[in-house]
Every structure is written in structure tokens, then in C-alpha cells.
Number of protein chains: 2
Amino acid sequence: MATLKDVAEAAGVSRATVSRVINGQAGVNPETRTRVLRAIDQLNYRPHPVARGLATKRTRIIGVFVPTTVTRLFLDHFFPPLLQGVVQAAAGRGYNVMLSLFSDEGDRDSYAHSVHNGYMDGAIAVVSALMSNVLLPRLQAEGFPLVTVGRWPAMDAPSVDVDNRAGARTATEHLLRIGHRRLGTITGPRDLPMPQDRHQGFEDALRSYGIPVDRRLVVEADLTELGGMVAMQRLLEEKPEAVFVQSDTMAIGALKAIRAAGLRVPQDIALVGFDDIPLASLVEPPLTTIRQPIQLLGHMAVELLLDVLENPGNKNAHRQLQLPTELVVRASCGALRTR
Amino acid sequence: MATLKDVAEAAGVSRATVSRVINGQAGVNPETRTRVLRAIDQLNYRPHPVARGLATKRTRIIGVFVPTTVTRLFLDHFFPPLLQGVVQAAAGRGYNVMLSLFSDEGDRDSYAHSVHNGYMDGAIAVVSALMSNVLLPRLQAEGFPLVTVGRWPAMDAPSVDVDNRAGARTATEHLLRIGHRRLGTITGPRDLPMPQDRHQGFEDALRSYGIPVDRRLVVEADLTELGGMVAMQRLLEEKPEAVFVQSDTMAIGALKAIRAAGLRVPQDIALVGFDDIPLASLVEPPLTTIRQPIQLLGHMAVELLLDVLENPGNKNAHRQLQLPTELVVRASCGALRTR
DNA sequence: CTGAAAGCGCTAACAG
DNA sequence: CTGTTAGCGCTTTCAG
């Protein structure tokens with residue numbers, strides 16, 4: 001591999017000049033520049049990123065932190081496209097992506113490994129609903145540039161998230177618009193941010209239709225299919241016309257419970273989910289749901305992070321981004337088209 | 001951040017000695033060693049990997065190359081657990097994982113970016129059935145350490161793969177064992193290695209039962225659900241009793257085609273798939289299929305790569321690993337238990 | 001067993 | 001506009 005020095009010699013200039021050309025710095029004689037460029041080309045020279053990293057203190061590597069729990073849970077449908085979005089966006093800006101799993105309890109090992117690994121300029125942390133982590137706040141306190149995907153109330157790091165509240169409102173309003181009035185809902189754990197947000201959206205919708213919230217029609221579950229099933233069994237006693245379920249996974253459980261009770265979806269009970277997981281379109285009946293722009297989320301997370309990395313003053317701009325969701329109408333709500 | 005120099009001063013030794021301690025080199029006075037260790041601890045010193053990388057020419061970063069096509073196709077169910085396996089195994093050995101997508105055509109950009117990026121000591125390439133790539137062979141020719149996941153006949157790089165042939169044979173023999181005789185099969189593109197291997201396994205099974213292969217019962221498709229559906233429609237005319245479908249994704253398509261024709265699975269036609277994607281257990285009826293040890297595949301790929309990286313002589317050992325598969329009996333084959 | 005010295009390949013003031 | 005001079009933080013001969 002050719003080095004800067006080789007190029008400098010070949011071009012008959014100093015290494016500093018070559019460096020200037022490579023980094024596109026102004027103030028190099030055009031003629032010299034082309035001479036250098038030719039030498040670079042002939043020697044097939046590439047700057048050595050490690051050496052550059054040592055000199056500049058910037059590696060152009062960003063980390064992606066993934067709680068190990070996520071990998072196996074409902075967010076499975078979330079992580080791959082997110083990662084793809086991140087990697088694409090990063091590549092587009094000349095950054096590399098380094099992956100780091102960490103356990104919920106942020107033990108010393110994973111801490112040392114993922115961060116003081118010292119390679120990363122900053123990182124994007126996937127904040128699952130399932131973690132009560134100690135690593136992230138610590139990193140942030142140390143001034144390590146961090147962007148979270150998902151809201152994490154205990155931290156004021158820049159974040160990207162879907163507008164859960166608006167999405168839930170849209171879902172619920174859809175149910176109301178097509179005529180349902182006695183609405184139930186199955187929520188996730190109410191001590192987590194995401195279920196809270198989605199529930200607010202649900203209430204927003206009811207409120208906009210002047211319908212009071214009936215506590216008996218609100219059942220909490222744990223975001224799993226089984227949880228959705230159990231919750232639905234309970235909800236059945238209240239005879240709702242339609243149910244907004246906070247996640248597709250739970251909605252599928254609900255579907256089973258309804259069917260087990262000898263009822264039909266959507267004729268007896270209409271259902272709307274959230275997330276648009278791949279399975280949503282495959283169950284019978286296909287689920288009406290709220291789609292998240294997952295890949296875009298990844299893109300935006302990168303933008304946010306690079307913004308922080310490259311303009312260390314700009315920290316006021318662009319914090320806490322919220323991306324819009326999209327209603328996907330399928331059969332489970334009982335309205336095949338609503339244009 | 002404390003540096004080597006700080007530690008050396010605090011311990012009253014030279015930087016060389018500290019370096020020796022850190023790297024666990026023999027030949028350091030135990031007493032000196034503990035003194036150094038204490039200083040390291042007090043200063044909370046961590047070696048700076050970039051500096052170390054510059055000095056040693058090894059970064060302890062391994063790459064994972066993913067063809068962009070994979071991210072959206074059937075291997076979606078494959079990639080996340082694989083990646084998890086890779087990252088875990090790498091972390092266990094003190095390596096970091098860098099992700100790199102590349103397009104099928106290995107254009108200059110992605111080439112430059114992913115490889116001459118110069119960060120990686122070596123890489124694991126996910127060889128999808130869908131790529132005809134030029135990047136990998138080039139890298140290999142340049143002596144870049146590479147391990148492939150999946151077989152890639154044009155290359156003799158070390159690889160890990162599932163034993164597709166044996167798995168297909170097991171699946172087919174299961175069908176035969178429970179009494180089916182007129183077997184059809186839906187294959188992937190026959191010019192790709194994986195479909196070829198699986199088809200060989202299918203023929204192996206028939207042969208072991210003394211049944212001739214009937215060309216009319218072999219239909220090729222493109223590994224998509226739609227492809228499976230179309231293929232099945234065609235196969236229906238031949239009235240097979242049972243069908244071995246080379247992938248679960250296609251099997252789900254086949255399922256739909258059978259149902260659309262007013263027939264039942266498994267009563268009218270039995271089905272066995274391959275891959276055990278998450279959806280396999282969720283469709284109706286649940287799919288009997290062949291499970292791959294995906295995460296283990298990731299682990300082994302790392303082992304293989306590190307073996308090459310750390311013992312540059314050993315290249316004869318461990319090449320072309322094949323991992324066993326497992327038959328998962330569910331309802332679609334018509335035999336709920338076969339012990 | 002330990003230290004001195006010379007880099008690894010690049011960037012970044014500072015002169016000129 | 002260009003070259004000189006110092007490093008970035010660590011490893012690695014080579015002496016001692």
C-alpha cells in the first residue's frame with residue numbers, strides 16, 4: 001500500500017501538500033494539485049483511516065447500540081430495516097457503522113467494550129420499551145455524542161421517534177369515522193413512554209368526538225401476543241364494538257381471543273393495530289394498522305448524530321424529531337376503503 | 001483520557017514496560033507489574049485502539065458484508081439472528097463488528113468504501129442466493145481475509161453453511177416415511193448453489209426409497225411467496241400427494257394456492273418447507289420444516305475468520321464447515337408426531 | 001527484566 | 001501557495 005510519503009515523492013511535493021489535496025483544502029496551486037492527483041491515481045493511493053483517526057481524533061465510525069433483549073422480541077420487525085437505514089445513511093456521508101449489543105444491566109464489560117472501545121465518534125442507541133438501562137445516561141453524562149431511537153424520558157439526548165400519539169389518534173379516529181362508538185383499547189405497560197403516548201392519542205380521538213373515556217374499556221397488557229389474548233378475553237365482557245390495540249402483536253392475540261369466543265372480526269368486533277409488522281397482512285382478516293417509517297427513522301438518526309458531531313455548536317437544532325405514521329386500512333376494521 | 005505515558009509516569013516505569021503489562025507479555029517483574037496495574041487502575045486507563053491499530057496494523061474490527069438485496073428478501077429472517085451470532089462471538093473474542101452493505105454489482109464506490117476503508121482485519125460475507133458478485137473474488141485475490149456464510153462455488157474461501165442437501169433429504173424422507181409416495185417439489189432457481197443442493201437432497205431421498213424422479217413433479221420458482229404460489233398452481237395438475245418446498249416463504253405461497261384450489265393441507269396435499277422462518281409456525285396449518293442453526297452459523301463464521309487472522313498458517317484447517325439441520329414436525333405434513 | 005529510540009501514516013500549526 | 005516540524009498513542013526492536 002502506498003503512503004502519503006510515496007505520493008509526495010512521486011509528485012515532488014511535501015506530504016503536507018498532498019494532505020491538503022486529499023482533504024480538499026483550498027489554497028493549493030491547481031497545477032500542483034493535478035500533479036498530486038495524478039500521483040495518487042498512479043500509485044492507487046488511499047488514505048489510511050487508522051492513521052488519520054489517530055491524527056484527527058475522529059474515526060468516522062458511528063456505533064449502533066442494541067439492547068440484547070430487542071433482538072429476540074417484538075422489535076425484531078423493527079431492527080433490520082432500522083439498521084439498514086442507518087448503514088445507508090452513514091455510508092452516504094462517508095461513515096462506517098459499528099454494531100454493539102449490550103445487556104439491560106449495562107454491566108462493566110459491555111460498557112468497556114462498547115464505549116471505551118474508543119473507536120466510535122458517537123452512537124445511535126435503540127431504546128427499546130424493555131430496558132431500564134444505566135449505560136446510556138452514563139455515556140451521555142461523559143459527553144459521548146448519542147442519539148436515541150425512541151423516546152427515553154430520563155434522557156434529554158437528541159432522539160428520533162415516530163409520533164406515537166398522533167398515530168394512535170389516527171387509528172382511533174378511523175374507527176370512529178366508520179361508525180364505531182363503543183371503543184375499547186389494549187395498551188402496553190402504562191409505565192413505559194410508548195404505551196403512554198399511544199394511549200394519549202387514543203384519548204385525543206375520543207375527546208375530539210366528545211366521547212368520554214370509560215375505564216372499563218381500557219385493559220393493560222405486556223405487548224406480547226398472549227398478553228393481547230388475555231386482555232381481549234377480559235375486554236369481551238364489556239362488549240366493545242371496536243378495539244384499538246397498541247401493537248400488532250397483541251392485536252393478533254386479540255384476534256384469536258375473539259375467534260375463540262365464537263365472534264367474528266370485523267363483523268362483531270373491529271380491530272386496529274399499530275406497527276404494521278409483516279405478519280399483519282398475513283393473518284385472517286388482515287390487520288388495519290399504523291405503519292412506521294422505520295428505515296427513515298434510521299436515516300434521521302444518522303443525520304441528527306452527524307449534526308452533533310460535525311457542528312458541535314448546533315445542539316439546539318433538530319432535537320427530538322418525530323416522524324409521521326401512516327394508516328394502513330385492511331380488513332380488520334371493517335372498512336375496506338375510506339376515501 | 002489517560003495515556004500510556006501518564007501510566008508510565010505514575011508507576012515510575014517506561015512506556016515500554018506498561019505496554020508489556022497491558023499486552024500480558026511475559027518477562028516483567030511481578031512487583032513492577034502490580035505497580036503498573038495499580039496505576040492503570042487509578043488513572044482508569046484504557047489503551048486507545050486507534051493508536052494501537054496504527055502501531056500493530058491490526059484493528060480488531062471484522063466486517064460483515066451484506067448484499068443490499070438480502071435486506072429485503074427472504075433472508076430477512078436469516079440476517080438478524082446471524083448478525084447477532086456474529087456480534088456475540090466477536091465480542092467474546094474482543095473484536096468489533098463493522099457493517100457494510102454492498103450492491104450486487106460491486107461498484108467502485110462500495111468497493112472503496114467497504115474494503116479499502118482499511119479498518120477491517122477481515123470480513124464475513126453473507127452470500128445470498130441472489131448475488132453474482134465481483135467484489136468478493138477480487139478481495140480474496142488481494143489476500144483480504146474472508147469467510148463466507150453460504151456456499152459460493154466460484155470461491156474457495158473458508159465458509160460456513162448449513163448442510164442443505166442432508167436437510168432436504170431429511171425433509172423428503174419424512175414425507176416418505178409417513179406414507180406419501182407421489183412427491184412433488186418446488187425448487188429455487190436451479191442455477192444457484194443452494195437450490196441445487198436442496199434438490200440433490202430431495203433426489204437422494206427418493207432414490208433411497210427406490211422411487212424414480214418424475215420431471216413433471218419438479219417445478220422451479222424464484223424463492224418468493226408469489227413464486228411458490230404460481231409453482232404450486234402448476235404442480236396441482238400433476239396431483240402430488242405431498243410436496244417438498246425448498247423454502248418456507250415459497251411454501252406459504254404454495255399453501256395459499258392449494259387453499260385457493262379448494263384443497264386442504266395436509267389432508268389433500270402434505271407440505272414440508274425449509275428454513276423455519278418465524279412465520280412458519282404461525283400460518284395455518286403450521287409448517288413442518290427444516291430448521292437451521294442460524295445464530296451458530298454466525299458464531300462459526302467468526303471462529304473461522306479469527307482462525308485465519310490469528311494463525312496465518314492454519315489455512316488448511318476448518319474450511320467449508322457444514323452445520324446440521326433439524327426437522328421440525330408441525331401440522332402441514334400430516335404427521336403430528338413421528339417418534 | 002527494563003529503558004531508549006524509532007516509527008506506524010496522517011494532520012496541523014507555523015513559518016516563509 | 002508550500003515546506004518544516006511536531007506530534008496523535010501505542011508497539012517494538014535493540015541495547016543494557
[X] has an atom [atom1]; how far is it from atom [atom2] of [N], in whole Å?
X: B:Tyr119; N: C:dG9; atom1: OH; atom2: P; answer: 15 Å
X: B:Arg58; N: D:dG9; atom1: CZ; atom2: P; answer: 23 Å
X: A:Ile40; N: C:dC10; atom1: CD1; atom2: C1'; answer: 13 Å
X: B:Asp6; N: D:dC10; atom1: CG; atom2: C1'; answer: 13 Å
X: B:Arg60; N: D:dC10; atom1: CZ; atom2: P; answer: 16 Å
X: A:Asn29; N: D:dT2; atom1: CG; atom2: P; answer: 5 Å
X: B:Arg46; N: D:dC10; atom1: CZ; atom2: P; answer: 13 Å
X: B:Arg33; N: C:dC1; atom1: CZ; atom2: C1'; answer: 12 Å

Check: protein-nucleotides 11-15 of chain D nitrogen or oxygen pairs below 3.5 Å:
residue	atom	partner	partner atom	Å
D:dT11	OP1	B:Asn23	OD1	3.4
D:dT11	OP1	B:Asn23	ND2	3.2
D:dT11	OP1	B:Arg52	NE	2.9
D:dT11	OP2	B:Ser19	OG	2.8

Task: Side-chain (A:Arg35) to main-chain (A:Ala11) donor-acceptor, under 3.5 angstrom - done: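 Answer holds: yes.
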Could you measure the distance from the [atom1] atom of [X] to the [atom2] atom of [Y]? Nearest 0.5 Å is fine.
X: B:Leu37; Y: B:Tyr45; atom1: CG; atom2: OH; value: 12.5 Å
X: B:Leu83; Y: A:Leu101; atom1: CG; atom2: CG; value: 7.5 Å
X: A:Gln292; Y: A:Leu323; atom1: CD; atom2: CG; value: 10.0 Å

TODO: Find out whether B:Tyr95 and B:Asp121 are in side-chain contact, i.e. whether some heavy atom of one side chain is under 4.5 Å from a heavy atom of the other.
DONE: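 B:Tyr95 vs B:Asp121: side chains touch.
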Open item on the list: Would you say that B:Leu306 contacts B:Ile62 through its side chain, given a criterion of any heavy-atom pair below 4.5 Å between the two side chains?
Closed with: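 They are in side-chain contact.
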Please tell me if [X] has a side-chain N or O lying less than 4.0 Å from either OP1 or OP2 of [N].
X: B:Thr32; N: C:dC1; result: no
X: A:Ser14; N: D:dG3; result: yes
X: B:Thr17; N: C:dT2; result: no
X: A:Lys5; N: C:dC8; result: no

- [ ] May I ask you to check whether over 12 heavy atoms, not counting those of B:Glu31, lie within 6.0 Å of atom CD?
- [x]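 Atom CD in B:Glu31 is not crowded, with 12 or fewer foreign heavy atoms closer than 6.0 Å.
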Task: Most 5' of B:Pro30 and B:Lys57 on DNA chain C, judged by nearest nucleotide - done: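 Mapping each residue to its closest nucleotide by heavy atoms, the 5'-most match is B:Pro30.
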Task: Global bending angle along the helix from C:dC1-D:dG16 to C:dG16-D:dC1, which compares the axes of five pairs at either end, to 10 degrees - done: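 The end-segment axes of the helix from C:dC1-D:dG16 to C:dG16-D:dC1 are tilted 40° relative to each other.
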TODO: Measure up the B:Tyr119 and A:Tyr119 rings against each other and bin them: parallel (under 30°), tilted (30 to 60°), perpendicular (over 60°).
DONE: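 Ring orientation, 0 to 90° scale: perpendicular.
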Task: Minimum heavy-atom distance A:Arg33-A:Gln25, with the two atoms named - done: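 Taking every non-hydrogen atom into account, NH2-O, 3.4 Å.
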Open item on the list: Considering every strand and a 4.0 Å limit on heavy-atom distances, what is the contact class for B:Val13: base, sugar-phosphate, or nothing?
Closed with: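 B:Val13: backbone/sugar contact only, no base atoms under 4.0 Å.
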